[in-house]
Number of protein chains: 2
Amino acid sequence: MLTDERRTVILDRLRTHGRVLATDLSTELDVSSDTIRRDLRELDGQGLLRRVHGGALPRHGDASSFAARSRRAPEAKASIARRAAACVNDGQVVVLDGGTTTLELARALRDDLRASVITTSPPIAVALADHPGLDVTVIGGTLRADSLVTVGASAVEALRIIRADIVFLGVCGLHPEIGVTTNDLEERHVKAAMLEGAAEVVALADHDKLGTAMPVIVAPLSAVTHLVTDADVEDAALAPYRALGIEVLRA
Amino acid sequence: MLTDERRTVILDRLRTHGRVLATDLSTELDVSSDTIRRDLRELDGQGLLRRVHGGALPRHGDASSFAARSRRAPEAKASIARRAAACVNDGQVVVLDGGTTTLELARALRDDLRASVITTSPPIAVALADHPGLDVTVIGGTLRADSLVTVGASAVEALRIIRADIVFLGVCGLHPEIGVTTNDLEERHVKAAMLEGAAEVVALADHDKLGTAMPVIVAPLSAVTHLVTDADVEDAALAPYRALGIEVLRA
DNA sequence: AGCGATGTTACACGAACGCGCCTGAACGTG
DNA sequence: CACGTTCAGGCGCGTTCGTGTAACATCGCT
């Protein structure tokens with residue numbers, strides 16, 4: 001059995017079974033456990049799986065579920081959220097996009113803030129209900145199961161009539177030339193409606209969203225006024241955004 | 001079972017059940033309680049849960065007042081919810097009012113149900129997002145912090161255009177002569193809009209809401225077609241509702 | 001053919017990890 | 001205050017990991 005064959009088999013098993021054990025692979029593929037461990041280490045280095053003691057797991061666990069996503073890079077999310085929360089001033093009309101980072105942002109808003117918050121995300125609305133100084137408005141619509149935001153014509157219509165002081169956009173992809181992108185057409189229209197007439201647009205993007213692009217274009221980078229990202233980003237990667245006049249904040 | 005798998009299971013249980021007990025996890029996952037405690041300690045260190053004596057809780061507790069209410073008479077709520085959930089048929093348009101009992105109802109819907117659910121309650125929307133066969137629509141509006149439902153003109157308008165097959169109403173008070181009552185004027189208008197044009201109206205009321213009245217009248221009892229209540233109610237108290245042609249279901 | 005370079009594998013050994021058990025301390029409750 | 005439960009830390013055991021080393025095959029070059 002060739003090395004690449006064996007690794008393909010390993011990835012297949014991982015996809016179908018959801019996990020692999022080093023010892024099982026060793027016996028079933030009839031190679032020493034050292035070879036398997038080398039394979040797993042190598043595949044982990046290529047980002048094709050996640051090495052754990054005893055075997056390996058899919059890299060993104062269950063990336064589809066909202067709860068699973070909120071478990072990814074929680075400290076980066078939290079620091080971005082804290083930094084972004086400091087951008088909100090009393091009396092502002094704040095529009096919050098959905099997503100795990102914006103949910104953290106909602107939780108990070110200071111307790112004595114007095115503002116009006118509008119969101120398409122039911123979990124964010126629930127998180128903000130406790131807050132004493134906020135007026136929370138939920139944008140209605142059809143609920144997207146994976147991202148937990150509302151979409152559809154009614155959501156777009158409701159957002160169009162709002163002139164936000166500041167919009168926080170949880171981006172799926174942010175690319176210097178392509179702009180803000182997402183992977184769902186309906187969500188794109190909702191995000192675009194948020195941006196219309198907004199005074200400030202703050203994009204929240206952790207390091208592995210920068211420089212990436214998703215299939216659906218939301219808006220060009222000129223629509224974004226601020227970018228909040230985490231500390232794990234080299235300055236060179238941020239230069240193109242600064243060149244476009246975007247204020248870049250490192251958390 | 002790999003360590004990471006086990007911790008994922010723990011977080012999933014925490015998310016679905018709202019809490020986990022160390023001893024339960026130990027027996028169900030078939031590892032020593034020491035291992036579970038190590039897991040919980042580790043996950044707490046990562047900020048993914050909140051360690052407490054005996055188990056763990058979600059790091060971000062639910063909205064306080066709402067969460068407190070949902071702990072009141074949980075077994076009565078659950079049985080009412082189960083009974084009411086059986087009233088829903090495939091293909092129906094279901095409107096769900098807010099409240100802790102209707103939240104339980106949402107969780108009690110059978111997994112293979114295919115229906116369209118419309119709700120003013122963000123927590124209910126979140127709870128239903130996992131459900132594979134449901135089309136979930138959130139009614140937008142201003143969020144009431146204590147009851148976690150949306151209210152206001154836009155909510156009323158959105159509900160007016162809907163002809164529901166079945167409406168589940170979480171009532172604050174149900175009185176044979178006064179009818180359905182609540183304690184918030186805005187919520188009253190939302191509830192009233194739900195009832196308009198509904199084919200069936202199911203009121204969910206545990207024993208201590210029967211025979212009581214709140215300040216604001218939502219609708220007369222003639223608007224209600226079904227009443228689901230718990231077993232702790234004497235027949236005499238139900239007679240007046242039956243006399244009005246309401247089908248009474250005891251859970 | 002001879003030779004070295006490269007890549008892949010198996011074996012060996014110390015280190016690290018995960019788990020269960022134990023003990024004293026802390027907690028919650030009556 | 002006293003009791004049972006739960007907790008944190010330490011220890012030992014078995015497994016797994018990473019690295020170093022040697023054996024073997026393949027390939028390209030002379």
Side-chain angles (χ1 to χ4, degrees), chain A residues 1-62 68 71-75, chain B residues 1-62 64 67-75:
Chain A
M1 161 135 353
L2 270 44
T3 306
D4 275 20
E5 284 183 294
R6 191 177 55 244
R7 295 188 179 173
T8 303
V9 171
I10 293 175
L11 289 175
D12 271 344
R13 284 187 64 89
L14 188 58
R15 258 193 298 277
T16 54
H17 292 66
R19 69 163 184 179
V20 289
L21 302 181
T23 53
D24 289 6
L25 288 171
S26 164
T27 59
E28 290 179 32
L29 299 177
D30 200 31
V31 288
S32 79
S33 60
D34 303 80
T35 303
I36 294 297
R37 276 189 278 110
R38 240 190 315 269
D39 289 339
L40 296 180
R41 218 181 312 160
E42 188 70 21
L43 292 170
D44 179 73
Q46 292 173 27
L48 298 174
L49 50 74
R50 186 163 53 91
R51 187 75 168 94
V52 297
H53 197 87
L57 294 171
R59 177 136 284 242
H60 294 311
D62 187 11
R71 234 170 280 151
R72 234 195 72 227
E75 67 293 334
Chain B
M1 159 122 14
L2 269 42
T3 306
D4 274 27
E5 285 183 298
R6 190 178 56 244
R7 295 186 179 172
T8 302
V9 170
I10 292 175
L11 290 173
D12 274 343
R13 284 188 63 89
L14 187 59
R15 192 169 53 86
T16 54
H17 292 63
R19 68 167 185 172
V20 289
L21 302 181
T23 53
D24 289 4
L25 288 172
S26 165
T27 58
E28 290 179 32
L29 299 177
D30 200 31
V31 289
S32 79
S33 59
D34 302 79
T35 301
I36 294 296
R37 275 188 278 107
R38 247 190 300 266
D39 289 339
L40 296 180
R41 221 181 310 164
E42 187 70 21
L43 292 170
D44 178 73
Q46 292 173 27
L48 298 174
L49 51 74
R50 190 160 51 90
R51 187 74 169 93
V52 295
H53 198 86
L57 295 171
R59 182 142 282 245
H60 311 285
D62 304 326
S64 48
R69 276 207 308 283
S70 63
R71 276 192 290 275
R72 233 197 67 231
E75 66 293 333

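Please read these numbers as outputs of a predicted model, since none were measured by experiment.
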*Looking at D:dA8, does its base get a donor-acceptor pair with the side chain of B:Arg41 below 3.5 Å?*
no
*Nearest whole angstrom, please: distance from the P of C:dT8 to the CG of A:Asp30.*
19 Å
_Whole-Å distance separating the CD atom of A:Glu42 from the C1' atom of D:dC17_ = 16 Å
*Across the strands shown, which category fits B:Ser33 at heavy-atom distances under 4.0 angstrom: base, sugar-phosphate, nothing?*
nothing
*asked:* Any carboxylate oxygen within less than 4.0 angstrom of a Lys/Arg side-chain nitrogen, looking at B:Asp24 and B:Arg13?
replied: no
*In whole Å, what is the span from the CD1 atom of B:Ile36 to the C1' atom of C:dG20?*
13 Å
*Decide, yes or no, whether a salt bridge links A:Asp12 with A:Arg15 under the criterion of side-chain N to carboxylate O below 4.0 Å.*
yes
*Hey, which sits more toward the 5' end of DNA chain C by its nearest nucleotide, B:Asp34 or B:Asp39?*
B:Asp39
*B:Leu25 side, atom CG; B:Asp30 side, atom CG - distance, nearest 0.5 Å*: 12.5 Å
*For A:Glu5 and C:dT9, what is the distance between atoms CD and P respectively, to the nearest whole Å?*
11 Å
*Look at B:Thr35 and C:dC19 and indicate whether a side-chain polar atom (N or O) is within less than 4.0 Å of OP1 or OP2.*
no
*asked:* Around atom CZ of A:Arg7, are there more than 12 heavy atoms from other residues, nucleotides or ligands closer than 6.0 Å?
replied: yes
*Has A:Arg6 got a side-chain N or O lying under 4.0 Å from the OP1 or OP2 atom of C:dT9?*
yes
*Does A:Thr3 make a side-chain N or O approach to OP1 or OP2 of C:dT9 shorter than 4.0 Å?*
yes
_In whole Å, I'd like the distance from the CG atom of A:Leu2 to the P atom of C:dG7._
15 Å
*Looking only at side-chain N and O atoms, does A:Arg38 come under 4.0 Å of OP1 or OP2 in C:dA10?*
no
*Rounded interatomic separation in angstrom, taking CZ from B:Arg37 and C1' from C:dC27*: 13 Å
*For atom NE2 of A:His53 and atom P of C:dC19, their distance in whole Å*: 8 Å
*Does the pair B:Asp34/B:Arg37 count as a salt bridge with the N-to-O cut at 4.0 Å?*
yes
*Nearest-Å distance for atom pair CZ/C1', residues A:Arg51 and C:dC17*: 12 Å
